[in-house]
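Source: prediction; values computed, not measured.
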Amino acid sequence: MPTIDVNSRRHHAFMTSRNIWIVVACCAVSAYAEPTVTSDGTSYEIVDSMLKITVPAGKTNEVADAGLTPLVNNDVTSVEKHGLGSIVINADILDYTGDIHVKEGTWRVVDSKGLGKLSKDSLADDVGKVYVSDGATLESKCSENPKYMGKQIHVSGYGVGGNGALLVSSDVACGSSTWGSNLILEGDTFANSTAAYWCFNTAGSHKDGYITFQGHDFIVSGGTNKNPYVVFSRVNSTDLGRVVLTNNANFRFQGINNLKAVNGVTGTIVVNPGCTISGNGWNGRIEWDVLWNTEKYLLPNPYSTGDDPVTNKCSFHGGLHLNDGLKSTVATGGGLGLFGPVSG
């Protein structure tokens with residue numbers, strides 16, 4: 001049987017009794033037309049143009065290009081991760097334009113090529129979406145600065161074993177936009193870090209990324225002796241929730257739209273013991289109410305004078321509620337832009 005190459009795909013050619021060639025595509029999905037099970041129990045199966053990957057509990061499967069051929073070649077429209085084990089995406093799937101559904105277990109990326117097609121446009125609608133179900137985990141163990149711009153990440157829950165629905169586990173500094181840009185909370189969401197330095201950043205190199213709360217809490221933990229921070233460039237929707245800082249997490253000012261009111265509606269940021277809010281000289285303002293439950297300092301950097309939303313740096317415009325049982329240092333190393341009421 002002759003074999004020809006069309007657009008870098010292998011095809012089989014058949015000759016009929018009337019000397020007419022019929023070309024039949026032999027695409028990559030045929031590799032998983034029947035369930036394929038590896039030695040560690042991981043299975044791959046194509047079901048109605050969807051690649052189903054199942055990794056058993058207690059197993060970690062590191063998959064290179066050959067194991068993810070349907071994604072590398074963009075031959076399926078979606079992929080689902082099942083099973084309580086972890087799959088490590090050590091492959092270039094930047095051509096994959098479909099959705100990623102992490103139903104169970106962990107989907108771990110080791111560089112910026114592990115979430116499918118990306119875009120410099122944070123509102124791009126042709127790059128597919130990522131869905132992290134309650135109880136599952138999307139993990140970044142990158143040694144680079146993966147700017148996931150243009151990629152919506154729908155997420156909820158506390159993740160595998162309660163260790164984070166969004167988890168950063170890098171051994172080295174990840175740069176300033178580990179999970180930028182667009183987070184959509186489908187339920188209360190726990191974001192955690194075991195990294196040396198990390199950031200959940202919807203600003204990234206662009207300032208038009210957003211977080212949509214839909215009335216839910218975004219709970220952030222920094223891990224012991226870590227230096228985490230959280231940056232939001234834009235808040236989307238009027239159904240706002242809370243940002244809850246725990247375990248050394250730091251909300252950091254960047255951009256001019258940090259936690260602004262949306263159509264006059266504001267949410268709440270809760271600063272628990274060991275956490276803080278800081279600035280680094282960039283413009284930024286908080287219009288939400290702040291519950292200050294820590295003895296750590298507040299706003300160590302100077303601010304610009306005046307009540308201009310563009311020139312103000314590190315300024316509060318909502319209510320600041322101090323815990324009555326704590327002795328807090330309100331500001332060190334510079335001024336405090338405080339334009340709202342203070343209580344407690």
Ignoring hydrogens and geometry, is there a side-chain-to-backbone donor-acceptor pair from [X] to [Y] under 3.5 Å?
X    : Y    : value
K151 : L118 : no
W107 : G114 : yes
N90  : E62  : no
D92  : K113 : no
N74  : T97  : yes
N323 : W292 : no
E104 : H82  : no
T137 : V160 : yes
Q214 : L185 : yes

Point to revise | CG/D48: more than 12 non-hydrogen atoms of other groups inside 6.0 Å | key: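 Open: at most 12 neighbouring heavy atoms sit under 6.0 Å from CG of D48.
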Can you give me the closest heavy-atom contact between [X] and [Y], atom names plus distance?
X    : Y    : value
L240 : G267 : CD1-N, 3.7 Å
H101 : S78  : CD2-CB, 4.4 Å
F190 : G162 : CE2-O, 3.4 Å
V72  : D95  : O-CB, 3.9 Å
L71  : Y96  : O-CB, 3.4 Å
G157 : A165 : O-CB, 3.4 Å

Can you hop from [X] to [Y] via hydrophobic side chains spaced under 4.5 Å?
X    : Y    : result
L166 : V244 : no
W288 : V342 : yes
V290 : L322 : yes
F218 : V262 : yes
V265 : I269 : yes

Let me confirm one number: the [atom1]-[atom2] distance from [X] to [Y], rounded to the nearest 0.5 Å.
X    : Y    : atom1 : atom2 : answer
R108 : K141 : CZ    : NZ    : 6.5 Å
S86  : N61  : OG    : CG    : 10.0 Å
I219 : R242 : CD1   : CZ    : 7.0 Å
K52  : M50  : NZ    : CE    : 6.5 Å
K81  : I53  : NZ    : CD1   : 8.5 Å
L138 : I153 : CG    : CD1   : 5.5 Å

Do [X] and [Y] have side-chain heavy atoms sitting under 4.5 Å apart?
X    : Y    : answer
T276 : T294 : no
D289 : H321 : yes
C275 : N248 : no
D126 : K117 : yes

Review point. Does a donor on one side chain sit under 3.5 Å from an acceptor on the other, for T266 and E287?
Key: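 There is no such pair (donor and acceptor under 3.5 Å, judged by atom type) between the side chains of T266 and E287.
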Point to revise | Reference residue V79; test side-chain contact (heavy atoms from CB on, under 4.5 Å); the match among I100, L68, I93, V102 | key: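 With V79 as partner, I100, L68, I93, V102 yield a single side-chain contact (heavy atoms from CB on, under 4.5 Å), made by I100.
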Review point. Taking N293 as the fixed residue, which of L245, N272, V271 is the one that meets the side-chain contact (heavy atoms from CB on, under 4.5 Å) rule?
Key: N272
Exercise for review: Under the side chain to side chain contact (heavy atoms under 4.5 Å, CB included) rule, what do T189 and V132 come out as? Steps first, then yes or no, please.
Suggested key: CA-CA 10 Å; T189 298; V132 184; over 6 Å; no
